[in-house]
*Asks:* 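This is the structure I have questions about; it appears just below.
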Amino acid sequence: MSGGDKQPLLQVKNLRKLFPIRKGLLRRKIGLVRAVDDVSFHVEEGEALSLVGESGCGKTTTARCVLRAIKPTSGEILFRTEEDTVIDVSGLSRRELRPLRSQMQMIFQDPVSSLNPRMTLFDIIGEPLQVNGMRDRQQRIDRVEELLRLVGLPPEYLQRFPHAFSGGQRQRIGIARALALNPRLVVADEPVSALDVSVQAQILNLMLELQQQFGLTYLFVAHDLSVVKHFSDRVAVMYVGQIVEMAPSETLFNAPGHPYTEALLSAVPQPDPRLRSRRAALQGDVADPANPPSGCYFHPRCRYAVDICRVEPPKLEELDKDHFVSCHRAHELTLEGVMVGTRAERQPIAGAVSQVSSKA
Amino acid sequence: MTERILPVEAAIAPEQGERIFVASQWQLMWWRFRKHRLAMIGAVAIIIFYLAVIGADFISYSDPEVTEANFSQMPPQPVRLFDGGAFRPHVLGVKGARDPNTFKRVFQTDPNVKIPLRFFARGYKYEFLGIIPTDRHLIGVDEGRAEETIFLLGTDTLGRDLWSRLMAGTRVSLTIGLVSVALSLFLGVLFGGLSGLYGGAVDTVIQRLIEILRSIPTIPLWMGLAAGLPRNWTVLQVYFAITIIISLVGWTELARVVRGRFLALREEDFVMAAELSGCSQWRIIFRHLVPSFMSHIIAATTLALPVMIISETSLSFLGLGIRPPAISWGVLLQDAQSLQSVALSPWLLIPAIPVIAVILAFNFVGDGLRDAADPYGV
């Protein structure tokens, strides 16, 4: 299968990842955790798609499947390469994946664990270059210095070890490493959730600047909707391994179509008390993905649930253009969103991060 | 290009702390280890012990095998440093006799006979480091007169000099520990690595094997194996057989440490980052995993060494390990097995002192290394 310009950069079809539960001396399989259960979405070149949901909903597993850090159980992950050929990476072996690695990179959640404490910045950021064929040391030094400047760190820090840096700085190092190979798709797994709020904004702004500069495509995993609304073009909401709603940012925040999205939105802190609505706080715990409830997985916690919800699992259907909802009552419910600034506000906040140096 | 200064970066003074920022893991470990006073003392003690191993022949002054019937079971001779105000180290002459009533051997010092100590004196011939033939020793007495001898730590029942025998024993006991630990390390890293790397069935089999090995009581196991050694084997053959027997159990502990580190590190994000940037499996193992647990292995090895040394000493003491005429600490302590000999010549227990000292030293150093092994942990 090959596509033209219309083909999205990444298309995930019916992705499934099941983890067996093993027990006892003989490690017999006694159950299955449906971490990702029939998930489909696509990411256009140059856009930012956010995957949001509570912890344990499978968003990180989805992201790791896309990067083939883990092998999905079934489904297709179609990636459009630089040569405009579309490759299904879901079944590739380690060896077959290696030439593709440079085109998709990851930014990690934990800025401490994601950098090898025993390597200098030069070794950390230079490693992807080295293993992908840049043998000349001086060439690597130049490139690493350029990358450090790009993410706002002084290039003199080359010989320092990660323990010399704060969380925000470490995350910049992680971003520099991810960008080293000029990837086309960057998967960011909660890149700011381990950082202070003030630093979060800096890192998000940096990522937006870099997106503008290099036309990056982001698959952004987050649990914090206030972060997401600042960042993404489209949002996919996941619940217990499934996508329950997917829509452009504005639509999702202003007029959510799924009760779960509404509940998540009502949990976002609203600074203006006049705009605060009654909170649709969630009751109960996330369903157990090893033993999900019947019908719609969300029905035990849903305040709009009716009989059909307990019996029949809903399908993801298009409510409006580009607005997909998986709810039996999507058409009849009017759910409350939050007033949000949209795309226009997505410009980097002036001053928080100063100009990015551009090396022509 | 605009110069940018972010608050986080401005917080760090340019010069201060620079040394720490560019310090590698070994430097950080050394700085932390240095603060552990007992460990530093232990380290110095161990260095002294191993210097004694290298120069055992040089430090001793008489052949550990030579017997002197006239001087059997002689107590230690104290060294007198001054003679008539001048620095002239010497020992007093001793005459052996038998108490006519008790038939006990008694030694009388003769204050008129002064046997001067010579430094770098000539003595029995040996090869320094096994290559350089020489007959120089750190101390000694003038050659020629048979009755002019020194026994710093006394003699055993056959009249052999205990000091020289202790040096020879130190060489055997401390190297046997090293060889066994090296063998254990090899087995431990191999099986622990396989276990941690492949997991699944391989892991299960290796872990069960370790559990079985560890559940066998060690003394009967060693006894059985040692009893199986042919009597006509040479000293060297027995030596290596004993190292293998000791490390047979010793590797299990190290294998567990290696496996544990492997499992913990595989979950680290930086390992996944390396994989995602296209690193090969080999590069990940040798560039990321091995450097990360090397320090832990060194600490575990240091803590395993005293166990090996104690094992050899116990085995030899029981007559199952190194056998006379070879000399080890255990063999020396064998002489102190009977109540009679301990009562009559308590100095035969002296070889227990270096055993205790070296075990303590290794434990202190091991503790210090273990604390310093992960300089990045909180």
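Throughout, protein chains are lettered first and strands after them, A, B, ... in sequence-line order, and every chain is numbered starting at 1.
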*Asks:* Relative to chain A, which segment of Arg283(B) carries a heavy atom at a distance below 4.5 Å: side chain, backbone, both, or neither?
*Replies:* side chain
*Asks:* What part of Asn132(A) is in contact with chain B, defined as an atom under 4.5 angstrom from a non-hydrogen atom: side chain, backbone, both or neither?
*Replies:*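 Side chain only.
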*Asks:* So for Ala274(B), is it side chain, backbone, both, or neither that comes closer than 4.5 Å to the heavy atoms of chain A?
*Replies:* both
*Asks:* Taking side chain as everything from C-beta outward and backbone as N, CA, C, O, which of these in Phe108(A) sits under 4.5 Å from a heavy atom of chain B? Side chain, backbone, both or neither.
*Replies:* side chain
*Asks:* Quiz question: by atom type and distance under 3.5 Å, do the side chains of Ser198(A) and Asp196(A) form a donor-acceptor pair?
*Replies:* no
*Asks:* What are the residues of residues 179-191 of chain A, in order of number, with any heavy atom under 4.5 angstrom from a heavy atom of chain B?
*Replies:*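 Interface residues of residues 179-191 of chain A: Leu181(A).
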*Asks:* For Glu146(A), is there an ion pair with Arg149(A) - N to carboxylate O distance below 4.0 angstrom?
*Replies:* no
*Asks:* Classify the side-chain pair Glu127(A)/His288(B) by whether it contains a donor and acceptor separated by less than 3.5 Å.
*Replies:*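 There is such a pair between these side chains.
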*Asks:* Please check if atom CE in Met294(B) has more than 12 non-hydrogen atoms from other residues, nucleotides or ligands closer than 6.0 Å.
*Replies:*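 Count not over threshold, so no.
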*Asks:* Answer yes or no: is there a donor N or O on one side and an acceptor on the other, between the side chain of Thr120(A) and the main chain of Asp123(A), under 3.5 Å?
*Replies:*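 Checking the backbone N and O of Asp123(A) against the side chain of Thr120(A), a donor-acceptor pair under 3.5 Å is found.
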*Asks:* Assess, by modelled atom type and distance only, whether the side chains of Gln130(A) and Arg137(A) contain a donor and an acceptor separated by less than 3.5 Å.
*Replies:* no
*Asks:* Using modelled atom types and a 3.5 Å cut-off, is there a donor and acceptor pairing between side-chain atoms of Arg370(B) and backbone atoms of His296(B)?
*Replies:*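 Flag not set: sc Arg370(B) to bb His296(B) has no pair under 3.5 Å.
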*Asks:* Between Leu67(A), Val131(A), Ile124(A), which has the largest tally of heavy atom pairs under 4.5 Å with chain B?
*Replies:*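 If we count pairs closer than 4.5 Å to chain B, Val131(A) comes out on top.
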*Asks:* Any chance you could lay out the salt bridge (Lys or Arg N to Asp or Glu O under 4.0 Å) test for Arg214(B) and Glu211(B), step after step, and finish with the verdict?
*Replies:* CA-CA 5 Å; Arg214(B) 291 176 71 90; Glu211(B) 273 154 28; over 6 Å; no
*Asks:* Are the side chains of Ile203(A) and Ile175(A) in contact, using a 4.5 Å heavy-atom criterion?
*Replies:* yes
*Asks:* Strictly distance-based, threshold 3.5 Å: is any side-chain N or O of Gln139(A) a donor or acceptor partner for the main-chain N or O of Arg135(A)?
*Replies:*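 Between the backbone of Arg135(A) and the side chain of Gln139(A) there is no qualifying donor-acceptor contact (under 3.5 Å).
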*Asks:* Output all residues satisfying ring-ring contact (aromatic ring centres under 6.0 Å, His included) with Phe214(A), sequence neighbours left out; order by chain, then residue number.
*Replies:* none
*Asks:* Any donor-acceptor pair under 3.5 Å linking the side chain of Arg143(A) with the backbone of Gly126(A)?
*Replies:* no
*Asks:* Under 4.5 Å heavy-atom distance to chain B, tell me which part of Leu115(A) shows up: side chain, backbone, both or neither.
*Replies:* backbone
*Asks:* Please list, in residue-number order, every residue in residues 254-272 of chain B that has a heavy atom less than 4.5 Å from any heavy atom of chain A; write 'none' if there are none.
*Replies:* Glu268(B), Asp269(B), Phe270(B), Met272(B)
*Asks:* Who wins among Met106(A), Arg94(A), Met104(A) for the most heavy-atom pairs under 4.5 Å with chain B?
*Replies:* Arg94(A)
*Asks:* Could you tell me whether the side chain of Leu78(A) reaches within less than 4.5 Å of the side chain of Ile87(A), counting heavy atoms only?
*Replies:*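 A side-chain contact is absent here, since even the closest heavy-atom pair is not under 4.5 Å.
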*Asks:* Under 3.5 Å, is there a donor-acceptor pair linking the side chains of Gln103(A) and Thr81(A)?
*Replies:* no
*Asks:* Which of residues 179-197 of chain B have a heavy atom under 4.5 Å from any heavy atom of chain A?
*Replies:* none
*Asks:* Counting only heavy atoms not in Lys35(B), do more than 12 fall under 6.0 Å of its NZ?
*Replies:*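 Counting other residues, nucleotides and ligands, NZ of Lys35(B) stays at 12 neighbours or fewer.
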*Asks:* With a 4.5 angstrom heavy-atom cut-off, could you sort out which part of Arg177(A) is near chain B: side chain, backbone, both or neither?
*Replies:* side chain
*Asks:* Among Val221(A), Ile77(A), Val36(A), find the one that has a side-chain contact (heavy atoms from CB on, under 4.5 Å) with Thr62(A).
*Replies:*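 Of Val221(A), Ile77(A), Val36(A), side-chain contact (heavy atoms from CB on, under 4.5 Å) with Thr62(A) is met by Val36(A) alone.
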*Asks:* Would you confirm whether Arg98(A), through its side chain, and Gly278(B), through its main-chain N or O, come within 3.5 Å as a donor-acceptor pair?
*Replies:*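 Between the backbone of Gly278(B) and the side chain of Arg98(A) there is a qualifying donor-acceptor contact (under 3.5 Å).
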*Asks:* Looking at Arg68(A), Met119(A), Gln109(A), which makes the most heavy-atom pairs under 4.5 Å with chain B?
*Replies:* Met119(A)
